[in-house]
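Here is how names work: the chains are called A, B, and so on, in the same order as the sequence lines, proteins then strands, and each is numbered from 1. These numbers were taken from a predicted model, which means no experiment stands behind them.
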Protein chains: 2
Amino acid sequence: MAETPGVVRITDVAALAGVSPSTVSKALNDTGSLRPATRARVREAAERLGFVPDAQARSLSARRSFTVGLLSTDSAGRFSLPVVLGAENALVGGQISALLATARHDPVREQHHVRSLVARRVDGIIVTGRTTDPRRPIQVPMPVVYAYSPSQDPQDASVVPDDTAGMAAVGRHLLSLGRTRVAYVGGRADQAASTLRHAALAATLAERGVTLVGEPLFGEWSERWGRLAVDLVLGDHSPGEPLPVDAIAFASDQLARGGCDRLRDRGVRVPQDVAVTGYDDWDVMALASRPPLTTVDPQLDRLGQRAAELLLAAIDGRPAHGTELSPPRLVVRGSTAGDT
Amino acid sequence: MAETPGVVRITDVAALAGVSPSTVSKALNDTGSLRPATRARVREAAERLGFVPDAQARSLSARRSFTVGLLSTDSAGRFSLPVVLGAENALVGGQISALLATARHDPVREQHHVRSLVARRVDGIIVTGRTTDPRRPIQVPMPVVYAYSPSQDPQDASVVPDDTAGMAAVGRHLLSLGRTRVAYVGGRADQAASTLRHAALAATLAERGVTLVGEPLFGEWSERWGRLAVDLVLGDHSPGEPLPVDAIAFASDQLARGGCDRLRDRGVRVPQDVAVTGYDDWDVMALASRPPLTTVDPQLDRLGQRAAELLLAAIDGRPAHGTELSPPRLVVRGSTAGDT
DNA sequence: GGAAACAAGGAATCCGTTTTCCGTACCGTA
DNA sequence: TACGGTACGGAAAACGGATTCCTTGTTTCC
C-alpha cells in the first residue's frame, strides 16, 4: 500500500506522531522509557510513512557500518557462489548488508577490492575461493573469516567442507551394498579435493580390510577425463567377461557423468555391474546423468551461513580461531541404488 | 610491501607530509592550486601509509554514497549471475561498490531488500531476474536499470538479450550450410525465451522461402525433454531410411545436449545427418556435448556491463528510457561444422 | 504533600573528508 | 622601497540524520 516516497526522515515521523525525534528513536529501538501508547503511535506513524532509518547516520552513532565484504577470489563460480549466497542470506537476518567484490584470480584486483572494503569501513570480511587449497591471508584491521578456501595461517578462522566425512560416507555406502572391488578416479592431482577424497575413501575401505583396485587415477575435472578413466579401469574388457571392479568412486559429478556415459557405451550396466558415485551434488550433472548419480552434497550454502555466523560473532567480540569442518550429506540415487 | 595498518586518516598523511588536511585533500583530488612539489610529497606520504579516504565521510560531503544495489529476484542463478558479475565489474571502474541483495523469488524478501537499499542511500539499483519475461517495476527514489528481466513499464530503462538477433544468426547459419528441413525445440511454452526464439527462427527461414518442419515443440528446460523431443521429431524412423529433418534448432544448450545424446543413441550422425544448435553457450553443456555444440552466446556479462553504464549515466543526470537490446554472438562448433 | 519514578523534549554528539574562504609570502613593476 | 596581484596553503565550517545524554515537566504512590 504505502509506497516509499522521496526520503522519509525521523523528523517526518516525529511530526506525524506529534512527538520529538528523540522519542521516535526510543520508540523504534525499544530504549528509554515511554508510554506504550506513545510507542504504538510512533510505530504506526513510521509504518505509514515507510520510514527506514538512514544507515549512514546510524553507523555514525554506532561506530559500525553494518556492512560486511564478500571477497571472492574466484569470479563467484560454481563453488564460491553458493557460499556467497548462504552468507548473504545469514547476514540479512542480522540487519547487515553485503558488499560484493570479485577478484577473478587477479591479485591486483583483489588488493584493490580489499582497499575499497577497508575504505568503506566494513565490519568484517568473508573470503571465498575456487578450491579447498589454503590461500594467503589478507591483512586488514577487521575480522575475517575464510570460507571454502582456508587461510594458510591456522590461527585465522576458516570454514571448509568436510571432504573426509563425505567420502567416508560414500565408502560406507558402497560397502553396505556389498561392493568390495572399488576404483577411485580423481581430478587434478595437485588439488586437495582430489587427494583428500582419495585418502578418505582408502581409509574407510581399509577399516573393513578392503583395498582400492589399482592406483588412484588423477587427471582433470572434466567429463572427458571421466570417460577416459573408465577406459583405463576397464582395460580391454569385453562384454561377458568378468569385470575388474564392481564400483567406481569419482571425485566429482562431472567425472562421474562422463564415466556413466562411457560405461553405457561399453555395455556395462550401472548400477547392476558397476556402481558409480559422484561428488558435489551439482544438479545439472547429477540429475541429468543416466542413471542419476549417488553423490555427496557439500551443503555449501550452510557452509557460507556458518562463515557468516562466525564473522558476526567475531564482530561481536567473540572471535573464532582455527579451521572448522562443515558437514556434507550423502545423496543416494540410481547410480548405486538400483531404483531410479 | 606497505601493509594497511589499523586505520590511516587524512590527518596522518598531513602530519607525515608536513601540511594541513585540506592540502592533502587538494593534492589527492587534483583540486585547488598547489605546487607540484607539494602535491608529489603528499602523494608519496599517502602511498607510504596506504591511505584510503573514508568512504562514509566522503559520501557525507559528496551527498552520494558511491554505492549501487544489485537486486537479484533470482538467487543469482545461472542467468542473473553473469549479469551481476558484468555489472559489478563495470562499477568497480567507476569507483563504485556493489551491494548484493538476492530475493529468491520471495516478494517479501524483495521488499525488505529494496528498503534496505533505500536506507543505505544507494545511488542507483540494477534489477535482474531469472527470465526475460517482463517484471513489475520497483518504486524507489533513485535511478533503476532493469537487466535481463525488463520492466513492465516501457518508460523504465531496461537491457535485455537480443534473442531475435541470436536465433536469426542460427537460422542464417543453418541455411548457409544448405539445411532446409529444420525443426525447432523450445522449453516452457509460457516463456518469452521459447516463443521469441521460435518466431525469430521461423521469420529468418521464411525470408528464403523455407518453413519449419512440423509444429514447434515446447516442453521444459531439461536434457530429458531434449531427448524426448528428438523422438517426437524422428518418429518411428529407423536407420537407413531418409530422415524427416536435416537440422534441429534447440532453444537451450541443455535441450541440445539431450538431443545429441538421443540422436547418437538412435544411430543418427551429428552433424552429417542432422545439424544441431543450442543456445546460451553454457560451457559445461556446450563443450561436454558430443559433438560440442554450435550455440549462441548471449554475452550476459556485457549485458550487465551495459546496464551498469546506463545506471552510471542516469546517476550522472542522463537517464535512459526504454528497452535496449544487447547483442549475442554465434559460436560455431562441431554440432554443425563437421570438424571438431 | 513530598519524593520517587516516569515521559518526553532540547541539544550535543558521532565521524573524517571536502570546501569555502582568508592570510601570507613572493614576485614584478612603479 | 612600496604596492598590487597572484600563487600557495591553512583554519574552520559544512556535510547528514539518528542517537543519547541531560534536563524539565508530570504522574503516582505512600
Atom CZ of B/R63 and atom P of C/dT18 are separated, to the nearest Å, by 13 Å
The nucleotide from C/dG9, C/dT20, D/dG16 with an atom nearest the side chain of B/K26 is C/dT20
Whole-Å distance, A/N29 CG to D/dG17 P, equals 17 Å
Looking only at C/dG16, D/dC8, C/dA8, the nucleotide nearest the B/A57 side chain is C/dG16
*asked:* Just checking A/R136: does its CZ atom have more than 12 heavy atoms from other residues, nucleotides or ligands closer to it than 6.0 angstrom?
replied: no
Here the distance between atom C1' of C/dC26 and atom CZ of B/R35, to the nearest Å, is 11 Å
Between CG of B/L34 and P of D/dG10 the distance, given in whole Å, is 9 Å
Quick note, A/S33 side chain, CB onward, closest among C/dA7, D/dG9, D/dA18 is C/dA7
Separation of C/dT17 atom C1' from A/R121 atom CZ, nearest Å, is 11 Å
Taken to the nearest whole Å, CZ/A/R64 to C1'/D/dA18 is 15 Å
Exercise. Say whether, by atom type as modelled, one donor and one acceptor occur between the side chain of B/R121 and the main chain of B/V118 under 3.5 angstrom.
Key: yes
Of the listed C/dA8, C/dT17, D/dG10, the closest approach to the A/T38 side chain comes from C/dA8
* Asked: Below 4.0 angstrom from OP1 or OP2 of D/dG9, is there any side-chain N or O of B/T23?
  -> no
Side-chain contact check for B/L60: nearest option of C/dA7, D/dG16, C/dT19 is D/dG16
Of C/dT17, C/dG9, D/dA11, the nucleotide closest to the side chain of B/R58 is C/dT17
Between A/P53 and B/R41, whichever has its closest DNA chain D nucleotide further toward 5' is B/R41
Notebook entry, point to check: Is it true that a side-chain atom of A/Q299 and a backbone atom of A/P327 form a donor plus acceptor pair closer than 3.5 Å?
Noted result: yes
**Asked** Is there a donor N/O on one and an acceptor N/O on the other, under 3.5 Å, for the side chain of B/S61 and the base of C/dT17?
**Response** yes
Walking DNA chain D from its 5' end, the first of A/T31 and B/P36 to be reached, judged by nearest nucleotide, is B/P36
Closest heavy-atom pair, A/I125 versus A/V122, reported as atoms and distance to 0.1 Å, is CG1-CG2, 3.8 Å
Distance col, row A/R306:CZ vs A/S326:OG, nearest 0.5 angstrom, shows 9.0 Å
Atom CG of B/D12 and atom P of C/dG16 are separated, to the nearest Å, by 10 Å
Closest to the side chain of B/S20, out of D/dA11, C/dT17, D/dT19, is D/dA11
Rounded to the nearest 0.5 angstrom, the OG1-CZ distance for A/T23 and A/R39 is 10.0 Å
Separation of C/dG16 atom C1' from B/F66 atom CZ, nearest Å, is 14 Å
Go through it in stages, so that I can follow the logic: the residues are A/E88 and B/T102, the test is side-chain hydrogen bond (donor to acceptor under 3.5 Å, both in side chains), and I'd like the CA-CA distance, side-chain angles, deciding distance and then a yes or no. CA-CA 8 Å; A/E88 191 249 357; B/T102 64; 2.6 Å; yes
- [ ] May I ask you to say what B/S59 touches in the nucleic acid, namely base, sugar-phosphate or nothing, with a heavy-atom cut-off under 4.0 Å?
- [x] nothing
Heavy-atom nearest pair, B/P150 first then B/Y148, reads CD-O, 3.3 Å
With five pairs defining each end axis, the helix from C/dG1-D/dC30 to C/dA30-D/dT1 comes out bent, to 10°, by 50°
Got a donor-acceptor pair under 3.5 Å from the side chain of B/S22 to the base of D/dA11? yes
